[in-house]
There are 2 protein chains.
Amino acid sequence: MTASARRGPYFCGIDAAMDVVAGKWKSLILWELHHHGTRRFAELRRGLPGVSEKMLVQHLREMEEDGLVHREVYREVPPKVEYSLTEHGVSLNAALAPLGAWGIERMGRIGAEKVSVVS
Amino acid sequence: MTASARRGPYFCGIDAAMDVVAGKWKSLILWELHHHGTRRFAELRRGLPGVSEKMLVQHLREMEEDGLVHREVYREVPPKVEYSLTEHGVSLNAALAPLGAWGIERMGRIGAEKVSVVS
DNA sequence: TCAGGTACTCACCTGAAAGTAAGTACTCCT
DNA sequence: AGGAGTACTTACTTTCAGGTGAGTACCTGA
């Protein structure tokens, strides 16, 4: 599982970007980190209602591998790990913004509910 | 399978947009229709090397259901069906453009191969 | 006459993604 | 003393997207 980096070959840029964002929680993690700057593991877990610890770790590791998030470990007595976006993560988030706007418009169109996430 | 429209609830706009784009070939179908304007079923199949007929039909049906593509059936002797983007499909494609640009940059960064698709 | 093209549908199968639940080692708070 | 919090790991199970291969009904060109 440590192997298998997402490395194409790809049909196009969207394909390459989707490969990195694919995963039930990845775009939400991106959003969460973008909004809060830096978050600890348990903060992310609480910010993403329904995520399992296994999936959160797995997605974070993959995103780290893909150069989207930075993982800072503090060797302290109660363990402390802080996650933040790298510059690639930040630019990916910016690239996702128009898609987010389109999605919000669509939610209005179809009258979709929103999961309330208190930030 | 005819039921189960993609209708949330969603965490955010990206979530709502991803729901509609999720699927191995959907973004490629969007791209293909955007570039050629109107395409017949078999043209799309040939334009997406590796896609199975089952998946192509399934994705096209879902995208029609989601209001992204328009399906025009000509009741002729050799069957003829033309697919094209609706205005929502066009705007989704526009919203995906920055993501595509990011992906191309990423492909350059990691040195990913590109599947050659002769248009 | 028969392969090949049109646009599909149907049934079955597989592999990967995600869920569930438990364990770890250590500390703080009550 | 015991429960909760820190950040995970590991093993097992379930779910489902996608792949495979066949069938359909009709027509055209060699």
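All chains are named by letter (A, B, ...) in the order of the sequence lines, taking the proteins before the strands, and each is independently numbered beginning at 1.
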At under 4.0 Å between heavy atoms, how does the protein contact nucleotides 22-30 of chain D? Give one character per nucleotide, 5' to 3', with B, S or -. -----S---
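- Between A/Arg71 and A/Tyr83, the side chains place a donor N or O and an acceptor N or O closer than 3.5 Å (distance only, hydrogens not considered).
- Of the candidate nucleotides C/dT9, D/dA11, D/dG19, D/dA11 has the atom lying nearest to any side-chain atom of A/Lys54.
- In this structure the side chain of B/Val81 never reaches within 4.5 angstrom of the side chain of B/Tyr74, judged on heavy atoms.
- Taking every heavy atom of both residues into account, B/Tyr10 and B/Asp15 meet most closely at CA-OD2, 3.5 Å.
- Between A/Arg40 and D/dA7, a side-chain N or O to OP1/OP2 separation shorter than 4.0 Å is present.
- Using a 4.0 Å cut-off, some side-chain N or O of A/His59 falls inside it from OP1 or OP2 of C/dA18.
- Residue A/Val57 has its side chain nearest to D/dT9 when only C/dA18, D/dG18, D/dT9 are considered.
- Closest to the side chain of A/Trp25, out of C/dG19, D/dT20, C/dT9, is C/dG19.
- Contact annotation: A/Arg71 reaches the phosphate of D/dC8 (side-chain N/O to OP1 or OP2, under 4.0 Å).
- Counting non-hydrogen atoms under 4.0 angstrom, B/Tyr83 reaches the backbone sugars and phosphates but no base.
- Distances shorter than 4.0 Å separate some side-chain N or O of B/Arg46 from OP1 or OP2 on C/dT6.
- Separating the OH atom of B/Tyr74 from the C1' atom of C/dG5 is a distance of 19 Å, rounded to the nearest angstrom.
- Nucleotide D/dT6 holds its C1' atom 10 Å from the CZ atom of A/Phe41, rounded to whole Å.
- For A/Ala42, whose side chain is taken as the heavy atoms from C-beta onward, the closest listed nucleotide among D/dA7, C/dA18, C/dT20 is D/dA7.
- A cation-pi arrangement is not found for B/Arg45 relative to B/Trp25, the charged atom failing to lie both closer than 6.0 Å to the ring centre and inside a 45° cone about the ring normal.
- Counting heavy atoms from C-beta outward, B/Glu72 and B/His70 have side chains that approach closer than 4.5 Å.
- Under the ring pair (Phe, Tyr, Trp, His ring centres under 6.0 Å) criterion, B/Trp31 pairs with B/His35, sequence neighbours left out.
- Distance B/Gln58 CD to C/dA7 C1': 16 Å, rounded to the nearest Å.
- Within the 4.0 Å cut-off from OP1 or OP2 of C/dG5, not a single side-chain nitrogen or oxygen of B/Arg45 is found.
- In this structure, A/Arg61 does not pair ionically with A/Glu65, as no charged nitrogen and carboxylate oxygen lie closer than 4.0 Å.
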